[in-house]
Structures are given as C-alpha cells and as structure tokens.
2 protein chains.
Amino acid sequence: MKSRPATIRDVARRAKVSVASVSRALNGHKNVRDDTRDRVLQAIDDLHYVPNAAARSLSSSQTRTLGVVLPDLHGEFFSELIRGMDKAASERGYLLLLSTMHADPQLAGQAIAVMRGRVDGLAVMAPQLSRDAIDRLMPEEMPGVQVICQPSKKRPSFIIDNREGAASATRHLLAIGRRRLAHIAGPEGNFDARERRQGFLSAIAAAGAPAPLVGAGDFGEDGGARIVRDWLARGERFDGVMAANDMTAIGALEALRAHGLRVPEDVALIGFDDIPLARHLGLSTVRVPVADIGAAAVERLVAMVTSQEAGATPEVQPLELVLRATTQGRPH
Amino acid sequence: MKSRPATIRDVARRAKVSVASVSRALNGHKNVRDDTRDRVLQAIDDLHYVPNAAARSLSSSQTRTLGVVLPDLHGEFFSELIRGMDKAASERGYLLLLSTMHADPQLAGQAIAVMRGRVDGLAVMAPQLSRDAIDRLMPEEMPGVQVICQPSKKRPSFIIDNREGAASATRHLLAIGRRRLAHIAGPEGNFDARERRQGFLSAIAAAGAPAPLVGAGDFGEDGGARIVRDWLARGERFDGVMAANDMTAIGALEALRAHGLRVPEDVALIGFDDIPLARHLGLSTVRVPVADIGAAAVERLVAMVTSQEAGATPEVQPLELVLRATTQGRPH
DNA sequence: AACCGATAAGTAACCGATTACATTTCGGTC
DNA sequence: GACCGAAATGTAATCGGTTACTTATCGGTT
C-alpha cells in the first residue's frame, strides 16, 4: 500500500483552498488569514505532506543546497573542514552536496559541472589547480567561494598566510638553537605547499642560517617517513625539521625514532595544520583553524546567494604557533 | 553580460531538431540517427549546455543523489565513513547529500524530511535511536539502508558484531593475565555502546572473573579521562580496562599516565573502532572497517534505487582484534 | 445601505526536463 | 514507383511547485 506522496494539490483539496494559498501559507507570506493558515497546516499534517524539492527548485530556481568540491576526503583536515561548513550551512537552512575531485583538472571540471542546477553556490578547495584553471572551471553565473587555495580575483577566497606561518615555525626552530634545518615540502603542484616552502626558505635567509635540506614529500605520512629515511641513509646532518603539514611531520617523527634519534633532543620537529592527531602526539605545529575557515566560507557563500553581494577580497584567517613536545627540549 | 543558461529548447533550436530528440540524444536512447546526435552534441557544446538537474528530477523523479544522515561529524570515525560512502557513490555516478542529526529525535525527523525529493535513497546512521523510532522516521516509499545501529526488520542494515568484538577484547585482557577488569561504557542511549557493554560482561561471566568496575562514559576523550580519574581518586584497583571506543580509551590512557601508572605494565588498555589515531598511539583495539561499511551500504543502496530490490538481512562486517603496545607487556 | 481601499484567495502560466503518442521519413521489396 | 513495416522525429502533456494577475471578501466610513 505504498501510496504516492501527497502533493500541494492534495493539500489544497483537503484544506478547501487553492494551491496558491497553500504555497503562501507554507512560505510564510503575510497575506494569509490565520484560520486559512491553520486549515492548511492541519491538512499538511494529516497527509504528511512534504514539498517536493525538485519542483520547488525548478520554479523558484533555488535549491537551498550548497556544493562542496574537495580534492579528497582523507584525514582529519577534511573532516574538520566539512564539519565547519556543515555547521554554518545547517544553521542557515542549507544542505551540503559533496563531491570529490581527484587531482585531474579534467575530472575537476566534471565534478563542478554535475553540480549545476543542484546547488545555489559552490565552495571549492583546489590547492592543486592554478588560479586561472579554477576561474575557467567555475560557472560564471553561480556564486562561489574558494577555500585554502590560490586566492581568486573574481571570488572571495578564504585563505591562510602560509608564508608567515611557515616562517614563524622556522624562526621557532632557529630560536631554540637549531641551525641545520631541513624542510619536507608538499606535493609539487600544490599551492599551499609551495607557499610554505617559500616561507621556510625566506626565514632561513633572513636569519642567515646555513643552507637547508629540502625534500619533496606528498602531504602524506609515508612521504614524510621516506624523505627522512633517505636523508639518514645518505648521512645528512640536521637538528630541526619543518614539515609541510602534520601528516608529513608524523611520518618523519616515526622515521626519526625508528632510526634511534630522539625528538626533540637530537632533532626538533614542527608540522603545519594542527590536526587533532598533533595534540595527541605532542607535535609542535602551526594551528590552522580549519573548521572556522569552512564555516566562514559557507557563511559568506550564503550571503552571496541570498543577496547577490559580490566582493573578492581574500579573507585571511590568523594562524597560531602551537608549541608541544617535539620542540620543547634543549639540543644535546 | 551574464546570460541565462541555455535550456534544452535553445539546444533544439540551434540543432534544428525537437526537444525530444535532444533529450533522447542526451540520454543515450538508441533510436536517434548518428548525424542528428552529432548535430545535437555540437549544439550542446556551442551553447555550453548543462541539463537543469531540478527539471530532470521533477520529470523523471530521479535525482542521482543519495542522502546521508549522521549523528554528528566529529572525529575520524565519521570522516572514514563518509570517505567510503563517497567512493562507492561517485563510482556509480551518485552524489552525496549530507545532513547531521543532532541527537534529538525531533530534529532527526527534520533532517530526514528535508531530504524528501532531493535524494533517491537514504543511508542513516542513528545509534541513539531505537529500531522503532527509525522505522517511524524513514519515509516508506524511499529506499533506505541503515549503518551501524540497531538492525531494522524492514531495511538492509550494515552492522558489526559489537558483542563478539567486545568479548574478544575482554578475553584478550584475561588472556594476558589481567583479572580485575574495568569497562568504560558509552552513552546510555547508544545501541552500540549497550551491546559492547553486554559483550564485556558476558566475557567476564564466562571466564568466571571477579565482578568488574563499570563506568558510564560518553564516547569522548574527556568522558574516558573523567571516569578513570574518579576510579583512581576512590582508590579502586584494576589492571585492565576495556573502553567502549577508541576516543574513550585515549582519554583513559592520558588519565592513567597523568596519575603515574604505566600502560600496559600497571594497567592494560584496549579500545574499539581502530581509528587512525589508535595506531599512532599504540592503542590495542578492535578494528571496525568503517570505510568498507560505508562503501557496502552505499553499494547496496544504489542497487535498491536502480532495481527496486528489497531484502532486509543485516550484513555483518567482520571485526578484527588489533594488538598494540597498550596490551603488549607483562603484568608487574 | 452603499461604497471604498486593503487584504485574502483563486486561476493559470511558467520553470525545464522526460516521454507517450502521433506523425514523418527511411530502406527495402515487388 | 508504389507500398510496407520499422526507425526517426515531432508534438504536447506531465511532473509539483511559485507567483503574476484577477477576482472575491473584508472592515470601516459616511
């Protein structure tokens, strides 16, 4: 006995009013008499009526849904981001439509295209795409924001000061007396990774410290571990490591310990992001308020959707150095 | 010059065919001549046409979207689940619509209602709701699966054998010589938490071990820490702790160490879930293949959506004991 | 009681696709 | 070249809402 779900016409019939009145009652228009509204509400209740979202979107060209396009869903970084976004969205009556864009720009285009008509706005995180590539991919007519990426000229971007964050982490290593520093960078094409490396290098240069080691990781645990093992196998000497992100740092940490080195006594170590794991492992790092960034981005996106407001000034979230065990100790 | 996006009629006009032919060409029907299809494709390309998803959903009553309703998004448990679901969904051309349902059953109903008409099927995780409550909330006419919860009689459920998992963790503590065991349970209303406590108690009973300590946690780190501190303050004696989940175990671990106790020498500790953090902290635990469960649930949901197939046999994912540092050592 | 402007309610067009059904065109046969 | 069934194409109804526009009803005034 699975009956067709009730439509607005069924409700109108039962409440003995027109569909227009039902629609008005439902959407809180003011020109509806109280007793009419009550009859409608009663009928809605009786029939367990729920408006059909597709029909509503079609006629009002509004979906009350926001699209979120992410490079991948691995790890706590993304879950935090989504959490912040979901909070801001649901507080405003919006739902989140998720789509992952596996690095390929081709597929990135597809991921964005399938959202057309399903969402009122788009939040995109694409650190591996250039500014131009993103601009080309984003539909002109749809409100959009960018999150943690190369800031756009056309759309609001929610970014962090990667260079300054990396520089301050590096200065901290120098401040606790480390001179032979090393950096494990992120993936080649990644914007944030490049910026962080720049920040590291400029801090080194500014301090007049010796030329550092630099290895190319992949933002993953294994990458970090591999680089460190390589260095140790080659007999490189270093007493401080600044990793492009926390996962890389964690891989490095394990490789260092596996090699019998003490952290921080022999090698101090600092990461970037402050994922929850960092706190548990006592990893010093640069705190990126990921959930806040996600929330701010969605908040702004909703504002754009509801009031057409534009503007494209990048919003830079402040970073904070978080010092824990991996840099709290004196050199041997 | 932001022009209205092209519609199927624009395409039809440009390709000099009817809208029906455009639709047929687009949806890969066979009765379309090659040159017609080519003209249509050309026009689509020229106009950058993308079909309007809302219109398509309305007329075909299909959205190619699946709804995911979760209790919360905190922690790695959920990000893993979403990751598994997203993988299975995107492989099949489906998008995921996210909604969090804050414990309140009232709100749970709303979270489900807003998805009506926006999704072809629903995957719900609601461990804090009874079987009946979920059945009442889920719309009859919509395909649905349940994930990690009290199994339903009406819908496929993807569950784990909490009792056996908890029992085997408990047997392991007994096997390494611990006798005075303690259990930090999860939140009162949570199905999995109750089952795990049952498993713990029955393993104790079966082994004829002394009556254990049992405290009520909340699946969170702080809860675990609080219970342990209470026990220690009251002078309780125990040499093995089985926590309802990993986060609880991690809180317990920190409280134990803060009190100067060695793990596992003084107190052995085992958790449940095997979140990534557990590996990094050397926490023994029971591995729950969360991502696999999410993927399996979505896979099944897609099958239900596309072929009306029903069936409600719960699918039980196997668990696996993972032994790490917190239980690897001999008692003092 | 008649009349007024304001407010409430109704009618029907519209959003952009899909698809049943009607019509045209095609390729082959005699 | 006329005729046939099959294949291709076109026409128009339909999905379920929103809303511009029209019509009915209201309370208040003279």
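Chain letters run A, B, ... following the sequence lines, proteins first and then strands; every chain starts at 1.
- Rounded to an integer number of Å, the gap from NE2 of A:H29 to C1' of C:dG10 is 16 Å.
- Note on A:R64 versus A:D120: no salt bridge recorded, every NZ/NE/NH1/NH2 to OD/OE distance being 4.0 Å or above.
- Side chain of A:Q317 to main chain of A:I160: no donor-acceptor pair is present (N/O by atom type, distance under 3.5 Å, no hydrogens or angles).
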*What one-letter contact string describes nucleotides 10-17 of chain D from 5' to 3', where B marks a base within less than 4.0 Å of any protein heavy atom, S marks contact via sugar-phosphate atoms alone, and - marks no contact?*
BBB--BBB
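- Across all strands shown, the partner of C:dA13 is D:dT18, judged by Watson-Crick or G-U wobble contacts whose two distances both fall under 3.5 Å.
- Between B:R64 atom CZ and C:dA17 atom P there is a gap of 17 Å when expressed in whole angstrom units.
- Look at CG on B:L47: it is 16 Å from C1' on C:dA17, rounded to the nearest Å.
- Salt bridge B:D135/B:K153: absent, no basic N to carboxylate O contact under 4.0 Å.
- Ion pairing between a basic and an acidic side chain is recognised when a charged N comes within 4.0 Å of a carboxylate O; B:R13 and B:D10 show such pairing.
- Rounded to an integer number of Å, the gap from B:N31 CG to D:dT9 C1' is 9 Å.
- Of the charged side-chain nitrogens involved, at least one lies within less than 4.0 Å of a carboxylate oxygen, so that B:R92 and B:E299 count as a salt-bridged pair.
- Atom CG in B:D10 sits about 11 Å away from atom P in C:dC15, given to the nearest Å.
- The distance between atom CZ of A:R33 and atom C1' of D:dC26, rounded to the nearest whole Å, is 8 Å.
- Using modelled atom types and a 3.5 Å distance limit, the side chains of A:R118 and A:T65 yield no donor-acceptor pair.
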